[in-house]
Every structure is written in C-alpha cells, then in structure tokens.
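This report refers to the structure that appears directly beneath it.
Values below: all heavy atoms of this structure, side chains included; hydrogens, waters and symmetry mates excluded. Since the structure is predicted, the reported quantities are computational estimates derived from the model, not experimental observations.
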Amino acid sequence: MNGGGAISVASANTQISSYQFPGDTLLMVGDIDTTGKDELYHFIWFEGNHDNDQDVDGADFLQWQRGNSPTGLSGSDLATWEANYGASISQPIMVSIVP
C-alpha cells in the first residue's frame, strides 16, 4: 500500500475503497459499522511497512532484503524503513457517514 492511488478490497459482503495520499494518510470508505450506510474512516499509515501487517519492524526489513519493497532493494526504500521503524498503524477513526 505504499505510494499513492486508490485500492479496492472486499471485506465480508462489503466493498471498501482506500485512498492513500502522499505521506502517511489513508482514507477508507465502506459499510463497516453502520449497516446499510458507508462510513468514511481516516487512519495513519507509515511507509516502510513492506509486508502490510500494520507495523514497521524487522519483518519489513526482511521484505526489503528480498526485493519486496516499492523499488526493490533501493536505498530510498531502506531509508524510509529506517525512518519509520517501530511505528504502527493507528486505529481507524470514523470521520463521517457518507449519505
């Protein structure tokens, strides 16, 4: 999920769209908490999370070593991992219910 753009995933019977902006902001829209209504969520996402498991740790370094980072084995991906080492994704915060 590093980088920008839109991502769509299915969760249970719900389609969830995620939008990541440059930096560490991720927005999700989907019917998660309020049945029959889409909600808008915001949470913090740290780059360097190469295995997409909600934290930046040694497992992400291993992914970098295996070439599984956005620009495989690049010094910039390693620097991003180092800068965010120890960080984890925040709990999603519901911003609003989408009409």
(request) Can you sort out the partners of Glu82 under side chain to side chain contact (heavy atoms under 4.5 Å, CB included), two or more places apart, ordered by chain and number? (result)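 Per chain and number, Glu82 pairs via side chain to side chain contact (heavy atoms under 4.5 Å, CB included) with Leu78.
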(message) Once side chain to side chain contact (heavy atoms under 4.5 Å, CB included) is applied, do any residues pair with Ala59, and if so which ones, sequence neighbours excluded?
(response)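 Once residues adjacent in sequence are excluded, the partners of Ala59 under the side chain to side chain contact (heavy atoms under 4.5 Å, CB included) criterion are Asp51, Asp57.
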(message) Checking the side chain of Asn84 only, and the main-chain atoms of Glu47 only, is there a donor and an acceptor separated by less than 3.5 Å?
(response)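 Yes.
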(request) Quick one: pull up CH2 in Trp81 and CG in Leu62 and give me the separation to the nearest 0.5 Å. (result)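 It comes to 10.5 Å.
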(message) List the residues meeting ring pair (Phe, Tyr, Trp, His ring centres under 6.0 Å) with Trp64, not counting sequence neighbours, and say none if there are none.
(response)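 In terms of ring pair (Phe, Tyr, Trp, His ring centres under 6.0 Å), with neighbours along the sequence ignored, Trp64 is linked to Phe61.
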(request) Please identify each residue that fulfils side chain to side chain donor-acceptor pair (under 3.5 Å) with Asn68, with sequence neighbours left out. (result)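 Expected list: Gln63.
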(request) Mind checking side chain to side chain donor-acceptor pair (under 3.5 Å) for Ser69 and listing every partner two or more places apart, or none if nothing turns up? (result)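 Residues passing side chain to side chain donor-acceptor pair (under 3.5 Å) with Ser69: Asp77.
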(request) Walk me through it: do Val56 and Thr80 pass the test side-chain contact (heavy atoms from CB on, under 4.5 Å)? (result) CA-CA 10 Å; Val56 181; Thr80 299; over 6 Å; no
(request) For the residue pair His50 and Pro70, establish whether any side-chain heavy-atom pair is separated by less than 4.5 Å. (result)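 Side chain of His50 against side chain of Pro70, heavy atoms only: contact under 4.5 Å found.
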(message) A side-chain contact here means heavy atoms from C-beta on lying under 4.5 Å apart; do Thr71 and Ser76 qualify?
(response)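 Side chain of Thr71 against side chain of Ser76, heavy atoms only: contact under 4.5 Å found.
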(request) Considering non-hydrogen atoms only, spot the tightest contact between Asn49 and Asp55 and give its length. (result)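 Closest approach of Asn49 to Asp55, heavy atoms only: OD1-O, 2.9 Å.
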